[in-house]
Structures are given as structure tokens and as C-alpha cells.
*Asks:* 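Dropping a structure here in C-alpha cells format, bear with me for questions.
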Amino acid sequence: MIGLMFLLAFGIYLAVSAWVVKATVHWARRTGRGVKRWGFVAAFVMYLLVFWDHIPTLLLHKYYCATKAGFWVYKTPDQWKRENPGWAETLTWQSNAPDYQSPNITHGYRLNERFAWVIKTDESLVLPVRVSYETIVDLANNEVAIKRVNVGAGYIGRFEMLRFWTSLKPCISGKNEFGLYLDEFHQMGREIK
């Protein structure tokens, strides 16, 4: 039923757009103006009425994917264990990581007494583009051990289905590697049986 309503609305939009372009071309011909130029302007204006955010979202998403997305390893679990001998054995493993709260943090999970998985998301004010920063942080000195930056685009919530053309494939870097390192930091302190 919803699909039929979308098709009906899109059909009405196309019909109105075709009528506006045709009327503009007729007006341009009658007044001796450039028919192609005015027809293109009318079509472009009709396109922008609904799809004004399509091209800017594509461009901003591509720019952020090229400049911000990535995966960085500053310190592996083995390096941390070598720098902090004996600490890994004192950590307590929990199967469910509790929430981690700190100022300026969107959300996070405490992996053990020493490490937290912190997730912060920045959103564009006008366009539906999000940059998500995931880090594994040593809580003793606030050093970032692992960092991954992902970029996504598309509306979330009520407008998600209405503005589907802004949904783009996310730029996810180091998905598997980040998960492996996250698991290693989380497993510190777990007794192997």
C-alpha cells in the first residue's frame, strides 16, 4: 500500500514537472528566448524542489570518504602488555560490557577496568552525512590504542523511506581488523578454561 502511494506521488510529481517544462518551453518560444536553456532551467528547478539534497550529499559523502575514513592502530594488545607487564592478568573480564559515560561522548562500553570502546558520531547540520569515530581508549591515560572512522549517508527515522536517494553505501575501513582488536582488548583478564 505504501509502495503504491509512493508511485502515485512520484507519478504526480513527474506529470507536474513535465507540464512546467512544457509550459516554460512554450513561453520561451513565444517570447523569443533560448528554448533549450529555459527548458533546462525549468527541469533543473523541478528536480531541486524534491532532490535538492541529492548531489550535495553525494559530494560531501565522497569527500569525507576520501579524507576522513580510515583505520589506525596506535598500539596493539601485545604492545600494551609489553609496556604494562602484569596488568593484563589483573583485569576482570565481563561478558556484557557495561555502558561507558564521559563528557562529549555519544556512547561507549567499558571493556574492562583499563579499556573502553568509545563511539562518537558527528552529523552534518543540513545534509544527511554522518562521520562515526570508534576508538579503543586506555582509561588510565586516555591514550587511543585503535581508531576507526566510518562515513555514512542517508536520513534516519521518519524521513528514511521518504528520502531514500540519499542513502549511500557507507565507507567502512578495517571492519574485521577493528573487531579482532576490540575482542582482544575485551578478552584481557578472561580466565581460559
Side-chain angles (χ1 to χ4, degrees), residues 1-73 99 102-109 117-136 144 146-182:
M1 188 66 172
I2 291 175
L4 289 175
M5 289 180 4
F6 279 137
L7 287 175
L8 179 65
F10 189 67
I12 292 171
Y13 167 72
L14 283 178
V16 169
S17 296
W19 179 82
V20 166
V21 170
K22 192 174 184 177
T24 303
V25 166
H26 179 69
W27 170 82
R29 208 175 267 137
R30 204 169 18 100
T31 58
R33 291 186 164 81
V35 174
K36 287 183 180 179
R37 181 178 5 178
W38 281 98
F40 175 77
V41 168
F44 190 65
V45 167
M46 291 306 293
Y47 166 79
L48 288 179
L49 285 176
V50 175
F51 300 103
W52 65 270
D53 55 353
H54 184 231
I55 293 173
T57 299
L58 286 171
L59 294 175
L60 188 61
H61 181 264
K62 185 173 183 168
Y63 173 75
Y64 281 166
C65 284
T67 60
K68 293 191 177 206
F71 174 69
W72 297 267
V73 177
D99 288 348
S102 179
N104 300 324
I105 301 236
T106 304
H107 65 282
Y109 303 97
W117 172 22
V118 178
I119 305 158
K120 185 174 188 250
T121 304
D122 291 337
E123 297 188 27
S124 171
L125 294 176
V126 178
L127 299 172
V129 178
R130 292 168 303 287
V131 180
S132 175
Y133 302 89
E134 292 182 81
T135 56
I136 298 172
V144 174
I146 311 290
K147 180 168 112 176
R148 176 174 69 174
V149 180
N150 301 322
V151 179
Y155 288 97
I156 298 174
R158 297 187 316 205
F159 300 112
E160 183 176 8
M161 202 162 45
L162 295 174
R163 307 199 56 83
F164 61 89
W165 55 86
T166 61
S167 295
L168 302 171
K169 185 177 177 186
C171 301
I172 298 177
S173 301
K175 182 178 180 180
N176 295 335
E177 294 90 348
F178 186 84
L180 292 172
Y181 283 122
L182 176 66

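Only this structure's heavy atoms are used, side chains among them; waters, hydrogens and symmetry mates stay out. Residues take their numbers from the sequence shown, with the count starting at 1.
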*Asks:* Quick one: do Arg33 and Trp27 satisfy side-chain contact (heavy atoms from CB on, under 4.5 Å)? Show the steps, please.
*Replies:* CA-CA 8 Å; Arg33 291 186 164 81; Trp27 170 82; 3.4 Å; yes

*Asks:* Show your reasoning for whether side-chain contact (heavy atoms from CB on, under 4.5 Å) applies to Glu177 and Ile146.
*Replies:* CA-CA 10 Å; Glu177 294 90 348; Ile146 311 290; over 6 Å; no

*Asks:* side-chain contact (heavy atoms from CB on, under 4.5 Å), that's the test. Do Lys62 and Leu59 meet it? Break it down for me.
*Replies:* CA-CA 5 Å; Lys62 185 173 183 168; Leu59 294 175; 5.8 Å; no

*Asks:* Determine whether a donor-acceptor pair (N or O, by modelled atom type, separation under 3.5 Å) exists between the side chain of Arg148 and the backbone of Ser132.
*Replies:*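 The answer is no, because no donor-acceptor pair under 3.5 Å joins these two groups.
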
*Asks:* Mind checking the CD1-CG spacing from Ile12 to Leu7? Nearest 0.5 Å is all I need.
*Replies:* 11.0 Å

*Asks:* Evaluate side-chain contact (heavy atoms from CB on, under 4.5 Å) for Tyr133 paired with Val118, printing each intermediate quantity in order.
*Replies:* CA-CA 8 Å; Tyr133 302 89; Val118 178; over 6 Å; no

*Asks:* What is the minimum heavy-atom distance between Val35 and Ala28, and which atoms define it?
*Replies:*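 That would be CA-CB, 4.1 Å.
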
*Asks:* Could you tell me if the side chain of Met46 sits less than 4.5 Å from the side chain of Leu49, heavy atoms only?
*Replies:* yes

*Asks:* Considering non-hydrogen atoms only, spot the tightest contact between Ala153 and His61 and give its length.
*Replies:* CB-CD2, 3.6 Å

*Asks:* Let me confirm one number: the CZ-CG distance from Phe178 to Leu180, rounded to the nearest 0.5 Å.
*Replies:* 11.0 Å

*Asks:* Please give me the minimum heavy-atom distance between Ile55 and Tyr47, naming the atom from each residue.
*Replies:*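 Between these two residues, the closest heavy atoms are CG1-OH, 3.6 Å.
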
*Asks:* For the atom pair CG (Leu48) and NE2 (His54), what is the distance rounded to the nearest 0.5 Å?
*Replies:* 12.0 Å

*Asks:* Taking all non-hydrogen atoms of both residues into account, name the closest pair between Val151 and Val129 and its distance.
*Replies:* CG1-CG1, 4.2 Å

*Asks:* To the nearest 0.5 Å, how far apart are CG in Leu182 and CD1 in Ile136?
*Replies:* 4.5 Å

*Asks:* Not counting sequence neighbours, which residues clear ring-ring contact (aromatic ring centres under 6.0 Å, His included) with Tyr13? List them please.
*Replies:* none

*Asks:* Show the nearest heavy-atom pair for residues Trp38 and Thr24, with the distance to one decimal.
*Replies:* O-CG2, 3.4 Å

*Asks:* Taking all atoms of both residues into account, what is the closest heavy-atom pair of Tyr109 and Ile119, and its distance?
*Replies:* CE1-CD1, 4.2 Å

*Asks:* So, taking the atom named OG1 in Thr57 and the one named CH2 in Trp52, what distance separates them when rounded to the nearest 0.5 Å?
*Replies:* 7.0 Å

*Asks:* Verify the neighbour count for atom CZ of Arg30: are there more than 12 heavy atoms of other residues, nucleotides or ligands below 6.0 Å?
*Replies:*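 Yes, because the 6.0 Å sphere around CZ of Arg30 holds more than 12 heavy atoms from other groups.
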
